[in-house]
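Counting starts at 1 for both ligands and their atoms, in listed order. Only heavy atoms go into these numbers, but all of them, side chains included; no hydrogens, no water, no symmetry mates.
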Amino acid sequence: MVIKAGIGIFGSVGSRAASKVLCPATSSSGPRMYLPPRKDFIALTLSDPHSHSYNNGKHRRQSCWRKWKQLSRLQRSLILFLLALLLILALVSYSSITEQWRGLSEKDDWLELKDRGLHMVPPGLKPVLRPPEGKAPAPVAGPHLEPTEDPQDLMEPRGPHIPVLARPPTKMKPFSNKRPPPGSQKDGNVSDTVSDPKQNHEVVREQPGVEEEEEKKKIVSWRGAMIEAELATEPPPSANEKEAVEPRAPADPAATVPQQVSAAATDRLEAVRDAFRHAWKAYKEYAWGHDELKPISKSFSEWFGLGLTLIDSLDTMWILGLKEEFAEARSWVEKELSFDKNVDVNLFETTIRILGGLLSCYHLTGDQLFLDKAKDLGSRLMPAFKTPSKIPFSDVNIGKGTAHPPRWTSDSTLAEVTSIQLEFRELSHLTQESQYQDAANEVMRLVHKLPGKHDGLVPMFINTNSGQFSHKGVFTLGARADSYYEYLLKQWIQGGKTEDDLLEDYLQAIEGVKKHLVRQTGPGRLTFVGELSHNRFNPKMDHLVCFLSGTLALGAHNGLPRDHMDLAVQLMETCYQMYKQMETGLSPEIAHFSMQASEGQDVIVKPADRHNLLRPETVESLFYMYRFTKDSKYREWGWDILQSFNKYTKVPGGGFTSINNVRDPANPGPRDKMESFFLGETLKYLYLLFSDDMELLSLDKYVFNTEAHPLPIWPSPPK
Ligand code: DMJ
């Protein structure tokens, strides 16, 4: 049994001496671990006394003791002093946290009640709010503390939703996401609105103009019905058709405004904006420019030291119409962000979150800054591809221009090397420099012809020397393999549905999934995707697998077989049940399923799998399912999930935290980490799910990368 304990101890001072004594133990890099091990984590291994790892642990303890004895008295005293100091610091911070929670009712435990539904703004900042889409007249976001909803309502996360507006919305000029015309330096250009965070900003109310009225009259033409297109034919006609070849001007997501906007939609969009503002407030106060917010300890953690959360969130702010916040973040990118750093970054994570985020922002805003930064980063990632096999290494030092695999292996993770293509291809498209797409396409070409697949399913690792699959025999749609399948389809769509190898691999893989991995539970006949381990079926599904409904639906929308949509519908129900059947209304990281009808419950959660990291995959799929079916139940499910996030993961004063136990509403156990994808993906997909504007990032014009950053679909080449 491996229990991962993230212990963020020992800063730079004394860390070497401490690690010498603590003898950093095994990192749990098994298939469950999606993110690579962080420097500040020490995995504690508690093992069966007879197991191999127990013996390892025993030897380790003996050698630790020996090493301790070998230290000089001065060294030992220094270490003991540091430990004592840390203990004192821990006690002090503990008391300040408990101080904060004091006064909350027993039922709410560590969760804030009073803050829920309040519109807080960062001190000294009165945002200028102009709602996007010309329709969401947000309550003025001044520093008032009036709840918009009855807290009692918020206590009930899964009850029927009755949207209530606290007061009639004030008419405000809509903030359009439209970028200004080239050359215009006036209203609307983000560079004009860059603001000092400490400066006060007036709340600007404007009368509706003729333009707004005109826009409201426009009628959305949306082809909501399933299109039975021929395979590998032209994409549905898109606005991009005239744009190709030249580095393109970014598309305009807010060009069309829906005629009808329901009060419910407005209310829910505002709820997402509130959640974002709440998260951003703490990021800004305690983690500004750093990778991740630690909302409980009101501090931050670094992974790459590149402002990960800030960059991952940029396009979300743009889409949500959070103009002030966007401008401040843009200013940070301009003034502070430098990739000229002696730092090892993970190729995949940096590509999907940072490169993808910058490219997407360039498309949404037309701001050259983002493309320049993307080019700089892209060129610094290229050394990763210099391997004997051309399968990239997992890690690159973007300052030194060197790359290497993880310390313990020469393998790369399959999903990681096959889920960077959308971004590298787009970078080539924009810069007209083919090196990026050549390197990324070569990986796909190699994997396409590689032996060792199982009816289209791929193993989880690939060797960077031999270019062959390694650790064969385990097949999953979860960690380490997931986005391989997603990117097969999405690259095919991005490229105008012309690359037949991608389509062939995708179709074959889905057949493999249906044949080997799809099963139903005994009690409730829920359809799920399990894993295959050396020909043994394991009824286990990572939450990560919930991306699959959305991907299947996207494929069906693009003319792939109808039964893909049937499977998407069934899996969507299961992913929702993974939330609904938990006491907190939040899904565990991993679910097991009962295959026997007599077992009573469908979803079983093992103690080590009860955490929730604020992941996006289910709400991502809900967004696709709603767009393609218009079935309002998907919106209701998304609403339930948002309320559960608000109830169990919202931290008083600011931020959201991942939690340890989705089965214990009385003590969900905050983990003190807000992952960047909560802002980059989860809240963005919720917003798009609730938006009535089907042209806001139309799925016929954009393809979302695996971190929810929209990139344009290229036009088909002329026949
Ligand atoms: C994100 O970084 C991406 O969605 C990735 O594909 C999977 N893991 C996280 C979110 O869960």
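- R353 counts as a contact of ligand 1, since one of its heavy atoms falls under 4.0 Å from the ligand.
- When only interatomic distances are considered, the shortest N/O to N/O separation between E486 and ligand 1 does not fall below 3.5 Å.
- Taking the ring centroids of Y685 and F704, they lie under the 6.0 Å cut-off.
- Each of the following atoms of ligand 1 lies closer than 4.0 Å to a heavy atom of P616: 10 (C), 11 (O).
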Practice item. For the pair F656 and H278, evaluate ring-ring contact (aromatic ring centres under 6.0 Å, His included) and give the outcome as yes or no after the intermediate values. Key: CA-CA 8 Å; F656 288 76; H278 183 84; 5.5 Å; yes
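- Ligand 1 is approached by E617 to a heavy-atom distance shorter than 4.0 Å.
- Between D482 and ligand 1, no N or O atom pair is found at a separation short of 3.5 Å.
- Residues W714 and E426 have side chains that bring a donor and an acceptor to within less than 3.5 angstrom of each other.
- For ligand 1 and I352, the ligand atoms under 4.0 Å from any heavy atom of the residue are 2 (O).
- With 3.5 Å as the limit, one finds no donor-acceptor pair spanning the side chains of R268 and Y687.
- Look at L613 and you'll find every heavy atom at least 4.0 Å from all atoms of ligand 1.
- Remark: ligand 1 atoms within the under-4.0 Å shell around heavy atoms of F677 are 1 (C), 2 (O), 9 (C), 10 (C).
- Atom numbering of ligand 1 starts at 1 in the shown order; those under 4.0 Å from a heavy atom of L544 are 7 (C), 8 (N), 11 (O).
- Between the side chains of H543 and Y579, at least one donor-acceptor pair of N or O atoms lies under 3.5 Å.
- In this structure, CG on L422 lies 10.5 Å from CD1 on I713, to the nearest 0.5 angstrom.
- Between W637 and Y634, the two ring planes are perpendicular [angle over 60°; tilted spans 30° to 60°].
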